[in-house]
Protein chains: 2
Amino acid sequence: MRSADLPEVRSIHLFQDMEEATFDAILKAAYFQTFPDHVDLIQEGDPADFLYVVVEGCVELFATSNDRETTMAMVPPIGTFILAATLKDAAYLMSARTCQRSRILMIPSEDIRAALKKDKAFAAAIIWELASCYRAVVKEHKSLKLRTGVERLANRLLRYHNDQGRNGSLLLPHDKRTLASLLGMAPENLSRAFNTLKPFGVKVDGARIHLDNLPALETLAKPNALIDDRTI
Amino acid sequence: MRSADLPEVRSIHLFQDMEEATFDAILKAAYFQTFPDHVDLIQEGDPADFLYVVVEGCVELFATSNDRETTMAMVPPIGTFILAATLKDAAYLMSARTCQRSRILMIPSEDIRAALKKDKAFAAAIIWELASCYRAVVKEHKSLKLRTGVERLANRLLRYHNDQGRNGSLLLPHDKRTLASLLGMAPENLSRAFNTLKPFGVKVDGARIHLDNLPALETLAKPNALIDDRTI
DNA sequence: AGGGGTAATTGATCAAAATCAACAGTGCGG
DNA sequence: CCGCACTGTTGATTTTGATCAATTACCCCT
């Protein structure tokens, strides 16, 4: 892999506390590859041979059943995916595809499992990461069960707005089809949900969204730290 | 705690491989208490002071937002809950209440965290447990996003039927209101969903359900191992 | 600049699910 | 035994969201 990426990979939570020797061993076993846009990386049901790290680009995790498909999560750099399947040596529950040209680090699952047995700090980091992933899905699940589509969109906009500096405007990080699927609605309904939010100061200009009446939007959204705050 | 319960607690996956000394230390720090029916054990947002183990009875995990409430999971004996919050020393994302008279083991979170630092086997068990919990929520989430209410019910019935010996009949483990909330639907819609399933051989007699046409039900349900099989 | 393809929007319609209201069945306590 | 509370069921209605169809807007490409 490019040596310039090394410190970045090392700096993510999962790897930062591990011993130098463990990190070296893992990197030695790993593959580093660049994929074009829209390439399938893994398919749900397949055995979890690798842990994936997105170094550049972006990866969509999605799931399928009954000819229906839904986006489960988007993984930006530097992020890992399907840690749980890797650790349990089980089948992937989600499929993954690139949604941009992406540089991906692939670490054989058995090397991950070997490393965590040897390296206490790595085991601790994995526990932390798994607990965080678990809580993230629980929050998603709560959102879907407790909120309407419009409310989910409103809160998602507030989240992006926070992430991007709270300056009254935000850029959607994914295209609207993907956002719709992520929020659990049809693309058409996302359009309509944006219209519903217009009286609450939400102006849409392509991927650029302006929030002109934050108090009104927050009144409608009723954001809840135990759903929307990803830091807890 | 009653010495008769000890082997049972010890036998669950989370505790079975840990060192004797670690188990003793944890038990010494733990509280063991019996609660009546319908007692609130924890409230979402509270700091995770304890890891809970249901030894007898049953506990409902639920979440709230906007004056709405939904059942997230039911924890039968012998099961633990809110492990992730305990490990991250974070706020609970879910509330818990007994739904029967229940005997509960409460282990201070700091003792859990101390134990996993000392005991490698315990750390490994926690990783396994967390990965399993994560995958369980992912499956729930997939079910909710990819299936209609009737489909979720059909698959849930097939699951209970499998658990209870595949003999053409099953007993609902919870009351119908709870089941409805668990499946993400209103109680009225659960009733109607049962009616929808009548032509597929589903006969309802209180909590006793008869499945008289398994092939037909399976055709409708389209069970999917990556959603419905809790063993993978 | 023109053309082709994709994403997004809009409208119309349909299906799914929530809500409101009423009522039957059950179990409990007086 | 009766009334009361609770669960579950049914019907009517509304809301929400999905689907189908058509159109528009926007890129990208040469």
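Everything numeric in this text was worked out from a predicted model, so none of it was measured. Sequence lines set the chain letters: A, B, ... in the order given, protein chains first and strands last, and positions in each chain run from 1.
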Subject >> Non-hydrogen atoms of L61(B) and A96(B) that approach each other most closely >> reply: CD2-CB, 3.6 Å
Subject >> Between dC28(D) (C1') and D37(A) (CG): distance, integer Å >> reply: 14 Å
Original post:
Given dT10(D), is OP1 or OP2 found less than 4.0 Å from the side-chain N or O atoms of N195(B)?
Top reply: yes
Subject >> Nearest-Å distance for atom pair CG/C1', residues D205(B) and dT26(C) >> reply: 13 Å
**OP:** Please report, rounded to the nearest Å, how far the P atom of dC6(D) is from the NZ atom of K176(B).
**Re:** 19 Å
**OP:** Would you mind reading off the distance between K145(A) atom NZ and dA17(C) atom P, rounded to a whole angstrom?
**Re:** 14 Å
Subject >> Whole-Å distance separating the NE2 atom of H38(B) from the P atom of dA5(D) >> reply: 17 Å
**OP:** Looking only at side-chain atoms of S191(A), point me to the closest of dA18(D), dT9(D), dT9(C).
**Re:** dT9(C)
**OP:** Compare the minimum distances between each of dA8(C), dA18(C), dT19(D) and the side chain of A186(A), then state the nucleotide with the smallest one.
**Re:** dT19(D)
**OP:** Let me know the distance between CG of L190(B) and P of dT7(D), rounded to the nearest Å.
**Re:** 14 Å
Original post:
Nearest to the side chain of E188(A) - dT9(C), dA17(C), dT7(D)?
Top reply: dT9(C)
Subject >> Atom-to-atom span, CG of L146(B) to C1' of dA16(C) - whole angstrom >> reply: 16 Å
Subject >> L153(A) CG - dA8(C) P separation (whole Å) >> reply: 14 Å
Original post:
Step by step, would you call I82(A) with L41(A) a side chain to side chain contact (heavy atoms under 4.5 Å, CB included)?
Top reply: CA-CA 12 Å; I82(A) 36 186; L41(A) 298 173; over 6 Å; no
Subject >> Note: K142(B)-E44(A) ion pair, threshold 4.0 Å (strictly below) >> reply: yes
Original post:
Can you list the steps and then say if M74(A) with C99(A) is a side chain to side chain contact (heavy atoms under 4.5 Å, CB included)?
Top reply: CA-CA 9 Å; M74(A) 305 298 291; C99(A) 50; 3.5 Å; yes
Original post:
Could you state the interatomic distance from CD1 (I209(A)) to CZ (F194(A)), rounded to the nearest 0.5 Å?
Top reply: 4.0 Å
Original post:
Under 4.0 Å: is that the gap between some side-chain N or O of N189(B) and OP1 or OP2 of dA17(C)?
Top reply: no
**OP:** Look at the side chain of R192(B) and the base of dG8(D), then say whether one donor and one acceptor between them are separated by less than 3.5 Å.
**Re:** no
Original post:
Side chain of D175(B): nearest nucleotide among dA7(C), dG8(D), dA21(C)?
Top reply: dG8(D)
